[in-house]
J.: 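I have a structure here, written as structure tokens, and I will follow up with some questions on it.
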Amino acid sequence: MMDGFRIVLVTQDDPFYTSAFFEEFSRVFHLSADVSVPAIIVLRPLNRQSTLDLAREMYRFYGMGDFIRRGLQFCCASAVEIVRPRRRWGLRGALARTALLHVVDINSAESLHLLRTLTPSLIISVAASQIFSREVLSIPRYGCINVHSGKLPEYRGMLPTFWQMLNGEPSATVTVHVMAPKVDDGPIIMERQVPIGSHDTLDTLMKRTKIEAAHMLTEVIEQFRTGTVRLKPMPKEGARYYSFPKPEHVRQFRRMGRRLV
């Protein structure tokens, strides 16, 4: 056991799915005398430079009907953010007083200084929208870990839950792994399966994978804290990288009888 095990979480400003993670994580994660979470660092969604860029991306992905529904949901979440910011994130219990720090570029000199000031033992990426530089990866004593809602290395890249559904997988694999300079690389710590039901939408599946990730990370943190973590090398075979789905992929998804929301 070690003294002063400090955890910093890095995520993105997403009102739909990261909030599901943090609400469940707040419920199941309990601080001990030697564990603290001094900060949650919040990046831009999908690393888009403006709200207009994000809106254009979402319109291309969702189409008119789902885009309007999502827009209304986003407006409601934004209103909650203005009035009660922590309520939108579902922060309570051990995380109720954790600082929410909005950062433009995780790899900037200012961010590196901030991270060093926080002296993290472990940095955890939960849907972080930026690639971590070697400098960021080297700051925590025990490195950086990432939770990825896809089997690795077969489903590297963006929106792995979508691609697993499109490819007809029976389940989505949630993977916790050590981060490396290469995207979605590094030794695997834990894998769990989330079954894909016939009535699942992309929305329901993504929420369920985020909830499962909260439970997995609670266990992984305890393994790091007690020095019992076990690493499995990332497989060399079967690696594939998926980019953000294009409209033709969404049309194929819908032809399969699947829905986004």
Side-chain angles (χ1 to χ4, degrees), residues 9-12 14-29 45-46 61-62 66 70 73 89-90 95 124-129 144-179 183-224 229-232 234-235 237-245 249-250 252-254 256-261:
L9 294 119
V10 182
T11 189
Q12 63 175 301
D14 159 39
F16 305 121
Y17 304 113
T18 55
S19 57
F21 166 83
F22 281 104
E23 183 171 358
E24 186 69 7
F25 189 67
S26 294
R27 189 182 72 82
V28 300
F29 176 70
L46 294 177
F61 179 65
Y62 283 113
D66 285 346
R70 273 307 202 210
Q73 292 168 351
W89 286 86
L95 300 181
I124 301 176
S125 165
V126 181
S129 56
C144 301
I145 65 173
N146 177 54
V147 58
H148 183 77
S149 297
K151 186 172 179 59
L152 293 175
E154 291 90 336
Y155 284 95
R156 286 174 173 159
M158 301 185 70
L159 213 58
T161 44
F162 174 90
W163 295 109
Q164 287 167 108
M165 293 180 78
L166 184 66
N167 292 341
E169 301 285 0
S171 60
T173 302
V174 182
T175 306
V176 179
H177 67 97
V178 177
M179 296 178 74
V183 175
D184 295 331
D185 201 11
I188 292 172
I189 302 170
M190 185 180 292
E191 292 177 312
R192 292 234 175 108
Q193 307 297 317
V194 177
I196 301 175
S198 58
H199 298 292
D200 262 321
T201 65
L202 179 63
D203 180 73
T204 61
L205 182 62
M206 288 183 70
K207 287 177 179 174
R208 289 199 293 121
T209 58
K210 290 294 185 287
I211 290 170
E212 183 61 44
H215 290 266
M216 294 169 69
L217 284 174
T218 299
E219 296 178 31
V220 168
I221 288 168
E222 181 64 12
Q223 291 175 8
F224 272 100
V229 67
R230 296 290 180 268
L231 305 179
K232 182 178 75 172
M234 180 70 68
E237 303 297 327
R240 183 172 181 181
Y241 182 87
Y242 288 88
S243 58
F244 197 82
H249 299 129
V250 175
Q252 181 183 352
F253 188 85
R254 286 177 166 139
M256 293 171 59
R258 292 292 189 182
R259 294 183 295 118
L260 299 178
V261 294

J.: Between CD1 of I188 and CD1 of I145, what distance do you get to the nearest 0.5 Å?
T.: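 So the CD1 of I188 and the CD1 of I145 are separated by 13.0 Å.
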J.: With a 3.5 Å distance limit and no angle check, can you tell me whether T209 reaches the backbone of S149 through a side-chain donor-acceptor pair?
T.: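 No; zero donor-acceptor contacts below 3.5 Å.
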J.: Would you call D200 and R258 a salt bridge, taking side-chain N to carboxylate O under 4.0 Å as the test?
T.: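 A salt bridge is absent here (no side-chain N lies under 4.0 Å from a carboxylate O).
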J.: For residues S243 and M158, determine if any side-chain heavy atom of one lies less than 4.5 Å from a side-chain heavy atom of the other.
T.: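 No, every pair of side-chain atoms sits at 4.5 Å or beyond.
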J.: If I take atom CG from residue D14 and atom OG from residue S19, how far apart are they, to the nearest 0.5 angstrom?
T.: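 Output value for this atom pair is 6.5 Å.
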J.: For M256 and L166, run side-chain contact (heavy atoms from CB on, under 4.5 Å): C-alpha distance rounded to whole Å, both residues' side-chain angles, the deciding distance at 0.1 Å, then the answer.
T.: CA-CA 8 Å; M256 293 171 59; L166 184 66; 3.6 Å; yes
J.: Taking side-chain contact (heavy atoms from CB on, under 4.5 Å) as the definition, give me every residue that meets it alongside I211, ordered by chain and number, with sequence neighbours left out.
T.: E24, H215
J.: For S125 and N146, which heavy atoms make the closest approach, and how far apart are they?
T.: OG-OD1, 3.0 Å
J.: Hey, what do you get for NZ (K151) to CZ (R240), rounding to the nearest 0.5 Å?
T.: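 If I round to the nearest 0.5 Å, the distance is 16.0 Å.
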J.: Heavy atoms only: give me the nearest R208-P195 pair and the separation to one decimal.
T.: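 Between these two residues, the closest heavy atoms are NH2-O, 2.7 Å.
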J.: Compare all side-chain heavy atoms of L205 with those of Q164 and state whether any distance is below 4.5 angstrom.
T.: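 Of all side-chain heavy-atom pairs linking Q164 with L205, none is under 4.5 Å.
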J.: Look up atom CG in L260 and atom OG1 in T201, then write down how far apart they are to the nearest 0.5 Å.
T.: 8.0 Å
J.: Which atoms form the tightest heavy-atom contact between A127 and T18, and what is the distance?
T.: CB-CG2, 4.0 Å
J.: I'd like to know if K232 pairs up with E191 as an ion pair, taking the criterion as any Lys NZ or Arg NE/NH1/NH2 lying under 4.0 Å from an Asp or Glu carboxylate oxygen.
T.: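 Answer for the salt bridge query: yes.
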J.: Does Q252 have any side chain to side chain donor-acceptor pair (under 3.5 Å) partners at least two apart in sequence or in another chain, and if so, which?
T.: none
J.: I'd like to know if D66 pairs up with R254 as an ion pair, taking the criterion as any Lys NZ or Arg NE/NH1/NH2 lying under 4.0 Å from an Asp or Glu carboxylate oxygen.
T.: yes
J.: The criterion is side chain to side chain donor-acceptor pair (under 3.5 Å); which residues satisfy it with S171, sequence neighbours excluded?
T.: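 By the side chain to side chain donor-acceptor pair (under 3.5 Å) rule, S171 matches Q193.
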J.: Which residues pass the salt bridge (Lys or Arg N to Asp or Glu O under 4.0 Å) test with R156, sequence neighbours left out?
T.: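 If we apply the salt bridge (Lys or Arg N to Asp or Glu O under 4.0 Å) test to R156, skipping adjacent residues, the hits are D185.
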J.: Verify side-chain contact (heavy atoms from CB on, under 4.5 Å) between H177 and D184, making sure each step is shown before the conclusion.
T.: CA-CA 8 Å; H177 67 97; D184 295 331; 4.2 Å; yes
J.: Looking only at heavy atoms, which two atoms of S129 and P45 are closest? And how far apart?
T.: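 Scanning both residues, the minimum pair turns out to be CB-C, 4.4 Å.
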J.: Could you check M190 against T175 for side-chain contact (heavy atoms from CB on, under 4.5 Å), going step by step and ending with a plain yes or no?
T.: CA-CA 6 Å; M190 185 180 292; T175 306; over 6 Å; no
J.: Between V176 and L217, does a side-chain contact (heavy atoms from CB on, under 4.5 Å) hold up when you go through it step by step?
T.: CA-CA 8 Å; V176 179; L217 284 174; 4.0 Å; yes
J.: Using the test side chain to side chain donor-acceptor pair (under 3.5 Å), find all partners of Y17 that sit at least two apart in sequence or belong to another chain.
T.: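 In terms of side chain to side chain donor-acceptor pair (under 3.5 Å), with neighbours along the sequence ignored, Y17 is linked to R70, D203.
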J.: Going by the rule ring-ring contact (aromatic ring centres under 6.0 Å, His included), which residues pair with H249 if we only count those two or more places apart in sequence or in a different chain?
T.: W163
J.: Distance from M216 atom CE to I221 atom CD1, nearest 0.5 Å?
T.: 12.0 Å
J.: Using the test salt bridge (Lys or Arg N to Asp or Glu O under 4.0 Å), find all partners of E222 that sit at least two apart in sequence or belong to another chain.
T.: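 E222 satisfies salt bridge (Lys or Arg N to Asp or Glu O under 4.0 Å) with R225 once adjacent residues are dropped.
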J.: Provide the closest heavy-atom pair for P160 versus Y155 in the form atom of the first, atom of the second, distance.
T.: CB-O, 3.9 Å
J.: Not counting sequence neighbours, which residues clear side chain to side chain donor-acceptor pair (under 3.5 Å) with R192? List them please.
T.: E212, E219
J.: Tell me every residue that passes ring-ring contact (aromatic ring centres under 6.0 Å, His included) with F25, counting only those two or more places apart in sequence or in another chain.
T.: F21, F29
J.: Looking only at side-chain N and O atoms, does N167 offer a donor or acceptor that is under 3.5 Å from a partner on Y242?
T.: yes
J.: In Å and rounded to the nearest 0.5 Å, what is the NE2 to CE distance from H148 to M179?
T.: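 It is 11.5 Å, given to the nearest 0.5 Å.
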J.: Any idea which heavy atoms bring L202 and F253 closest together, and the distance?
T.: CB-CZ, 4.3 Å
